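Report on the structure given below.
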Amino acid sequence: MTFLIICFLCLLVCVLGYSILDNIYKHQSYTDIFRLKDVPKNARFDLVNLGSNHPKYGLDYSNTSIKAMNWAVGPETFKYDFIVLKKMIRHLHKGSFVVIPVCLLNFFLLDYKSKSAYIRYYAWLNKNEMPDYDEEQYNKEYKYPLLRHPKRVKGIVKKLIHKPASDLDHNPMSKLQLEKDAAWWIEQCWDKEFDIDIENMKTLSDVNKKSIEGNVKIMSDMISLCEDNGFIPVVAILPTTKYLRNKFSDDFVQTYIMSNISKAINGRDIKLLNYMNEESLQNVDYYFNSFFMNKRGAKIMGKRLVDDLKKENNQFN
């Protein structure tokens with residue numbers, strides 16, 4: 001009898017231990033989702049932003065006096081920006097500003113090639129809200145992740161110990177490292193992912209054309225949803241370091257970013273805030289690599305965005 005009690009207690013400890021580790025792992029891995037999930041039901045915001053990793057790291061409103069929140073989920077497509085907006089719409093009121101950030105290659109990414117990119121959404125969205133819901137993927141990769149991947153426990157410990165680079169108030173990279181990092185984003189990330197040559201753009205593939213067309217429509221629909229509900233949509237292009245910015249020709253920016261934004265806006269009176277070429281926001285110590293801002297930079301950028309909106313809107317004053 002004593003042996004059975006001991007076995008039961010050991011099993012109970014194991015189950016509780018796994019449950020605790022599983023909870024920590026999911027909150028660490030899907031931080032952005034739980035941040036949205038945990039917003040109080042009665043919370044209302046004057047300004048929010050959608051977006052992927054670029055605005056996730058690039059906008060912090062803690063140095064402002066308005067009720068604002070960063071709703072970016074990294075990484076994310078326009079499709080899921082729209083889903084987030086619809087899911088969180090009860091937290092907005094008439095006159096709320098909805099900032100729709102456009103990242104450098106946003107229009108080229110319509111859907112992820114790997115289903116693993118959608119795992120984070122299982123923590124928040126149900127089958128009807130998530131067009132890419134996959135029951136097998138949910139059970140295999142989200143429900144009991146540490147049973148299938150026990151080595152991930154080491155990652156839990158590392159994240160508890162190490163301070164993330166985004167928390168720094170300076171850039172840890174040297175000039176050479178920044179140059180290599182910028183080159184990596186172009187050559188090893190986006191060129192390969194979208195089968196393009198950013199520095200020598202030629203005819204787009206049918207896949208690229210379909211992605212751009214689809215994303216233009218989604219962005220246009222987001223703007224329409226905002227207008228229909230009395231929200232104020234704002235399109236924003238955030239800055240990067242000069243190391244990455246200089247990798248994009250003016251022709252590329254005009255053809256694959258600005259023109260697509262223009263198509264989505266389609267003549268409507270929508271505010272566009274373009275910070276790509278602002279040298280004051282390209283200070284490397286506002287970033288933790290060539291692309292993403294650290295907390296210092298994010299606070300400066302968040303305040304700048306709010307200040308720019310204040311200039312034209314009395315409700316923030």
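Since we're looking at a predicted model, the values are computed, not measured. For this chain, numbers begin at 1 and follow the sequence in order.
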Could you check whether [Y] and [X] have their ring centres less than 6.0 Å apart?
| X | Y | result |
| --- | --- | --- |
| Phe291 | Trp190 | yes |
| Tyr121 | Tyr133 | no |
| Tyr30 | Phe34 | no |

Item to complete: Determine, step by step, whether Trp124 and Lys87 satisfy the side-chain contact (heavy atoms from CB on, under 4.5 Å) criterion, reporting the C-alpha distance in whole Å, the side-chain angles of both residues, the deciding distance to 0.1 Å, and the verdict.
Response: CA-CA 10 Å; Trp124 188 40; Lys87 178 80 170 178; 3.1 Å; yes
Practice prompt. Could you tell me whether the side chains of Asn49 and Asn70 share a donor-acceptor contact shorter than 3.5 Å?
Written response: yes
Worksheet item: In terms of side-chain heavy atoms, does Asp251 have a donor or acceptor partner in Ser249 at a distance below 3.5 Å?
Response: no
Would you find a donor on one side and an acceptor on the other, under 3.5 Å apart, between the side chain of [X] and the backbone of [Y]?
| X | Y | answer |
| --- | --- | --- |
| Tyr61 | Val306 | no |
| Asp81 | Glu76 | no |
| Asn63 | Lys303 | no |
| Lys37 | Ala123 | yes |

Worksheet entry | Test ring-ring contact (aromatic ring centres under 6.0 Å, His included) applied to Trp185 and Phe292, step by step | CA-CA 11 Å; Trp185 283 106; Phe292 299 137; 5.5 Å; yes
Give, for atom [atom1] of [X] and atom [atom2] of [Y], the distance between the pair rounded to the nearest 0.5 Å.
| X | Y | atom1 | atom2 | value |
| --- | --- | --- | --- | --- |
| Lys299 | Asp169 | NZ | CG | 10.0 Å |
| Asn53 | Cys103 | CG | SG | 8.0 Å |
| Asn283 | Thr241 | CG | OG1 | 10.5 Å |
| Asn106 | His54 | CG | NE2 | 10.5 Å |
| Ile198 | Lys247 | CD1 | NZ | 10.5 Å |
| Thr77 | Asn215 | OG1 | CG | 7.0 Å |

Is [X] salt-bridged to [Y], cutoff N-O under 4.0 Å?
| X | Y | result |
| --- | --- | --- |
| Glu227 | Arg268 | yes |
| Asp132 | Lys115 | no |
| Lys67 | Asp46 | no |
| Asp307 | Lys311 | no |
| Glu278 | Arg304 | yes |
| Asp32 | Lys56 | yes |

Residue pair [X] / [Y], side-chain heavy-atom distance below 4.5 Å:
| X | Y | result |
| --- | --- | --- |
| Ser211 | Leu109 | no |
| Leu110 | Glu213 | no |
| Ile223 | Ile265 | yes |
| Tyr275 | Asp308 | yes |

Discussion item. Evaluate Tyr256 against Phe108 for ring-ring contact (aromatic ring centres under 6.0 Å, His included), listing each step before the verdict.
Written reply: CA-CA 9 Å; Tyr256 301 108; Phe108 284 81; 5.8 Å; yes
Item to complete: Examine Val207 and Phe194 and state if one hydrophobic cluster contains both, with Ile, Leu, Val, Met, Phe, Trp and Tyr joined whenever side-chain heavy atoms are less than 4.5 Å apart.
Response: no
Worksheet item: Is Trp184 reachable from Tyr57 through a run of I, L, V, M, F, W or Y residues, each pair having side-chain heavy atoms under 4.5 Å apart?
Response: yes
Item to complete: Take Ser224 and Asp221, measure what side chain to side chain donor-acceptor pair (under 3.5 Å) needs, and give me the verdict at the end.
Response: CA-CA 5 Å; Ser224 295; Asp221 289 345; 5.1 Å; no
Practice prompt. Give the intermediate values and the outcome of ring-ring contact (aromatic ring centres under 6.0 Å, His included) for residues Tyr80 and Tyr118.
Written response: CA-CA 10 Å; Tyr80 277 80; Tyr118 299 106; 5.4 Å; yes
Discussion item. Can you list everything that forms a salt bridge (charged side-chain N to carboxylate O under 4.0 Å, His left out) with Lys210? Sequence neighbours excluded, please.
Written reply: none
Item to complete: Start with the C-alpha gap between Phe231 and Ile89, add the side-chain angles, then the distance that decides, and say whether side-chain contact (heavy atoms from CB on, under 4.5 Å) holds.
Response: CA-CA 10 Å; Phe231 312 146; Ile89 198 169; 3.5 Å; yes
Practice prompt. Go through the steps for Ile212 and Leu204 under the test side-chain contact (heavy atoms from CB on, under 4.5 Å), then give the verdict.
Written response: CA-CA 10 Å; Ile212 291 171; Leu204 295 178; 3.6 Å; yes
Item to complete: Just do the side-chain contact (heavy atoms from CB on, under 4.5 Å) check on Leu281 and Ile300 with the steps written out, would you?
Response: CA-CA 8 Å; Leu281 297 173; Ile300 291 171; 4.2 Å; yes
Item to complete: Identify which one of Leu273, Ile261, Asn277 satisfies the side chain to side chain contact (heavy atoms under 4.5 Å, CB included) criterion when paired with Ile237.
Response: Ile261
Item to complete: Establish, yes or no, whether the cationic atom of Lys86 lies under 6.0 Å from the six-membered ring centre of Phe82 and within 45° of the ring axis.
Response: yes
